[in-house]
Amino acid sequence: MDVSKILDPLNNAQRQAVCAEAANVLVLAGAGSGKTRVLVHRIAWLLASENVSPYGILAVTFTNKAAGQMRARIEQLRGTPSGGMWVGTFHGLAHRLLRAHWKEADLLQHFQVLDSEDQFRAIRRLIKEMGLDEGQWPAKESQWYINARKDEGLRPDNLEHHNDPHKRGMIEIYAEYERYCQRVGAVDFAELLLRSHQLWLRNPELLTHYQQRFKFILVDEFQDTNTIQYAWLKLLAGDNTGMFAVGDDDQSIYGWRGARVENIHQFSKDYTGTETFRLEQNYRSTGNILNAANALIDHNSERMGKELWTDDGDGELIQLYAAFNEQDEAQFIIDKVKDWIDKGGLRSENALLYRSNAQSRVLEERLINYGIPYRVYGGLRFFERQEIKDALAYLRLTNNREDDASFERIVNVPTRGIGSRTVEIIRDTARNSGSSMWQAAYHLIEHKELASRALNALQFFVKRIEEIKSAIENLTLHEQIEHVIHESGLIDHYKKEKGERGRTRLENLDELINAGKNFDEDALEEEIETSDVLTAFLSHASLEAGERQGDEWDDCVQLMTLHSAKGLEFKQVFLCGLEEGMFPHRLSSEDASKLEEERRLCYVGMTRAMQKLVISYAEKRRLYGEEKIARASRFISEIPTEFLEEIRLGSSVATLSTMAAVEDKEAPVKLGQRVMHAKFGEGIVLNYEGQGRHARVQVNFEMAGSKWLVMEYANLQFC
DNA sequence: ATATAGAATCTTTTT
DNA sequence: GATTCTATAT
């Protein structure tokens, strides 16, 4: 292939990294510096010049989206499908390994992948079964504990309780959970990695096979790797493997879930002769935005060091708005968004970023008020929806009747008279005989050890599952799904749910059949055995939970947390709620390293902006029902004033029409509304009492301070 | 089995 | 303040 096509689109630094001769390469790629491009072109370069076949390449990312994009861009650049290459997420690749070597990994052939909700439910059930007090041993905490240990590569056997009763309990729960997973063939996310790591350790010839196969390993977002992921990579990389790691220590924002930036420092030590490259030219943001971001992140210690720059101009200054309260802040932001749209910009070019999800509500209310379509990221995803998980649980139970989690989920959904008491008896019976709940149910029916009503109901359930099982045996996946959602009674069950919610649930179940259809087609192409399609589909549902549900509008304002904004870019970005306690969050303010992570988060947020960045904070904020006075975030003072432009009260466009509408209703004014008084000047509505002409309004004037005024006489102008 | 009231909780999230 | 779970009553 023509090498110039690979190298010409690159700048100097990018080209050096792509063509690096060193076996091991570390690329420190700043925000917007062409990180993905370098990865993609490196792969194309290796294939073209090093005489490597796609078979010898493994590229690993964190999200399915990133993996998909990378694969697509490689194929686009090379103009040919890249069969044989392994491109995927850590979990996806680990899963692939375990499917191929389930026996050596000591798993059941049809092992299932638990998503975090499945895991949570399993742990909660086990804690109950163990007779532990749920108040003292919250399932959430245990789940967190177990995952953190697995991410560190630790099994219960490797853990010491040091006579700490709390620790001892946690370890016991962990051990119990492991036994359960092993028995029913369940594998959670962390287990995928830990288990495949173990698979290699215990089967040296298998490890050698993969080490010899993969001549080059490429890692995206290296700063986000945790202990087990790095160990996994290190094990897989043999003596002759070339490692190519791309990352940005300044964008490490997942320390709280086990990511270790240290790995980036460790890399050059572990791989001697590592050549390090820095990508500092930014193709996204204006000079002012970059300089401000550089100055902010400079307050962090222990950085690898990197300074973003651009060839383009300085652009506009960063706007800073000190809002009176969160209502005022929202009003200001929405006014600016409206300006943008009125000037012909797209709604989707605007992103409203915040530290925590609770902040979205006020913004949403304003957007609804103005009839501006928007989309909030972060809701439930398709395969996480209740009705979908119910349907999947039926499929799982027919597939594997040892699956207690699924059994318990659907034994009384739709309600068929199997109450919590009956479930408890089944659970106890299962526990006492060391069998599954399914077997226990059988036992109870056979020996008539239940009250007749419960017995009949249980018998009905068991029979129904058996019927479904035999009916779907020779069907294609989508036919299986269709059969299951009807015969299980789920359709009828959700038909009864009134309103919008019930309707979307039915639509989703319909959509599940569609998903099955697509899966069938893919399976046909890849010649997957019919009996394995269901298992593959169930794993797919766990590993790739699907798109987050958003509004149906194509062009809408984007609302999301700073964390979910990573990797994205927008022409106009609003960073909202920059107050001490909010951002940096109070739970992350005491600890120096946590604070630095917050600062990196701020850095990530700022560098999302292409043209305009607007930062705002509220002096007073109502949160969780309580009003709190706040100070501006320290991050604001860490940005040199030369890059900032303070926006004064009332400089935004008047919104007379909307206020008239509000005035018609019982409230005389809206809280947080800007008003103008002939004598006192401009202010913000703080409070009001009464209605109509007799209403009194409290206004905080910019110059004159806070005053109570009677609407009838005050003659306030809304602006 | 459902309905309602009171309590508890409220950072960030992918796989 | 809003949601979501839990306990209690019917």
Side-chain angles (χ1 to χ4, degrees), chain A residues 60-67 88-96 113-120 124 134-135 138-140 143-144 147 150-151 187-194 220-221 224-226 228-229 252-259 326 353-362 364-365 377-381 383-384 386 412-423 453-454 457 496 539-548 560-567 577 581-589 594 597-598 600-602 604-605 621-628:
Chain A
V60 58
T61 64
F62 278 86
T63 66
N64 290 305
K65 195 173 153 200
T89 63
F90 277 103
H91 295 88
L93 298 177
H95 175 247
R96 186 168 175 177
V113 180
L114 302 185
D115 71 13
S116 18
E117 200 212 335
D118 301 333
Q119 187 192 33
F120 174 80
R124 190 179 56 183
E134 285 171 87
K140 201 84 196 264
Q143 182 186 23
W144 186 268
N147 287 337
K150 286 193 177 188
D151 284 347
V187 176
D188 61 46
F189 290 136
E191 184 71 24
L192 288 167
L193 285 153
L194 188 46
D220 190 16
E221 304 277 21
D224 287 339
T225 51
N226 62 29
I228 188 69
Q229 284 160 343
S252 158
I253 55 174
Y254 286 114
W256 52 275
R257 65 174 200 218
E326 79 282 355
L353 309 183
Y354 37 79
R355 175 67 237 266
S356 57
N357 288 308
Q359 287 170 260
S360 75
R361 211 198 73 236
V362 189
E364 286 184 66
E365 282 169 3
Y377 282 69
L380 274 186
R381 291 177 315 177
F383 284 109
E384 291 169 353
Q386 185 189 307
N412 200 32
V413 177
T415 44
R416 45 172 78 86
I418 303 173
S420 55
R421 182 74 200 115
T422 310
V423 174
R453 240 186 40 203
K496 281 186 212 140
S539 300
H540 167 82
S542 296
L543 284 167
E544 209 165 325
E547 273 289 296
R548 297 228 178 244
M560 68 191 84
T561 63
L562 287 151
H563 281 92
S564 11
K566 189 172 162 212
M582 197 90 205
F583 188 31
H585 198 276
R586 62 182 170 84
L587 296 176
S588 304
S589 309
K594 281 183 181 170
E597 184 156 310
E598 295 279 308
R600 291 195 290 268
L601 192 55
C602 187
V604 166
R621 181 177 294 274
R622 210 182 175 80
L623 195 68
Y624 304 134
E626 256 187 309
E627 190 152 81
K628 286 228 169 88

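Every chain is numbered from 1 and lettered A, B, ... according to where its sequence line falls, protein lines coming before strand lines.
Atom-to-atom, CG of Asp224(A) to P of dT15(B) comes out at 12 Å; the value is rounded to the nearest Å. Going from atom CD of Glu221(A) over to atom P of dT13(B) covers 15 Å, rounded to whole Å. dT12(B) atom P lies 9 Å from atom NE2 of His563(A), rounded to whole Å. The OH atom of Tyr254(A) sits 7 Å away from the C1' atom of dT14(B) (whole-angstrom rounding). One atom, CG of Asp151(A), and another, C1' of dT13(B), lie 13 Å apart when rounded to the nearest Å. In this structure, the CD atom of Gln119(A) is 18 Å from the P atom of dT13(B), given to the nearest Å. What separates CZ of Arg355(A) from P of dC10(B) is a distance of 14 Å, to the nearest Å. One can place CZ of Phe62(A) at 13 Å from P of dT14(B), the figure rounded to the nearest angstrom.
Side-chain proximity of Phe189(A) to dT13(B), dG1(C), dT15(B): nearest is dT15(B). With dT12(B), dG1(C), dT14(B) as the candidates, the nucleotide lying closest to the side chain of Trp256(A) is dT12(B). Among dT12(B), dT15(B), dT13(B), the nucleotide with an atom closest to any side-chain atom of Ser356(A) is dT12(B). The side chain of Thr63(A) approaches dT15(B) more closely than any other nucleotide in the set dG1(C), dT15(B), dT11(B).
Rounding to the nearest 0.5 Å gives a distance of 5.5 Å between CG of Leu601(A) and CZ of Arg355(A). In this structure, OG1 in Thr561(A) is found 12.0 Å from NZ in Lys566(A), a value given to the nearest 0.5 Å. Leu193(A) CG to Asp151(A) CG: the interatomic distance, rounded to the nearest 0.5 Å, is 8.0 Å.
Side-chain contact between Arg621(A) and Lys628(A): absent, with no pair of heavy atoms (C-beta onward) separated by less than 4.5 Å. With a 4.5 Å cut-off on side-chain heavy atoms, His91(A) and Glu191(A) do not count as touching.
In this pair, Phe90(A) does not lay its aromatic ring on the base of dT15(B); centres under 5.5 Å and planes under 30 degrees do not both hold.
With respect to the salt-bridge test (charged N to carboxylate O, under 4.0 angstrom), the residues Lys594(A) and Glu598(A) do not qualify.
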### Task
Please assess Arg361(A) against Glu364(A) for the test salt bridge (charged side-chain N to carboxylate O under 4.0 Å, His left out), listing each intermediate value before the final yes or no.
CA-CA 5 Å; Arg361(A) 211 198 73 236; Glu364(A) 286 184 66; over 6 Å; no
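Along DNA chain B, the nucleotide nearest to Asn412(A) and the one nearest to Ser588(A) differ in position, and the one closer to the 5' end is contacted by Asn412(A). Remark on DNA chain B: of its neighbouring residues Ala358(A) and Glu544(A), the 5'-side contact belongs to Ala358(A), judged by nearest-heavy-atom nucleotide.
As judged by a 4.0 angstrom heavy-atom cut-off over every strand, Gln359(A) is placed among residues making no nucleic acid contact. Within 4.0 Å (heavy atoms only), Asp188(A) reaches no atom of the nucleic acid at all. Here Asn226(A) lies out of heavy-atom contact (under 4.0 Å) with every strand. Using a 4.0 Å heavy-atom distance criterion, Ser564(A) is classed as a sugar-phosphate-only contact.
In terms of polar N and O atoms assigned as donor or acceptor, the side chain of Ser116(A) comes within less than 3.5 Å of the base of dT15(B) in a complementary pairing.
Residue Arg381(A) places at least one side-chain N or O under 4.0 Å from the OP1 or OP2 atom of dT15(B). In this structure, Asn357(A) reaches the dT13(B) phosphate: one of its side-chain N or O atoms is under 4.0 Å from OP1 or OP2. Put simply, Asn64(A) has a side-chain N or O that comes within less than 4.0 Å of OP1 or OP2 on dT15(B).
At distances below 3.5 Å, at least one donor-acceptor pair connects side-chain atoms of Gln143(A) with backbone N or O atoms of Ser116(A).
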For nucleotides 2-10 of chain C, print each protein N/O atom paired with a nucleotide N/O atom at under 3.5 Å, atom names and distance only.
none

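The glycosidic torsion of dT11(B) lies within 90° of 0, placing the base in the syn range.
Under the ring-ring contact (aromatic ring centres under 6.0 Å, His included) criterion, Phe583(A) pairs with Phe635(A), not counting sequence neighbours.
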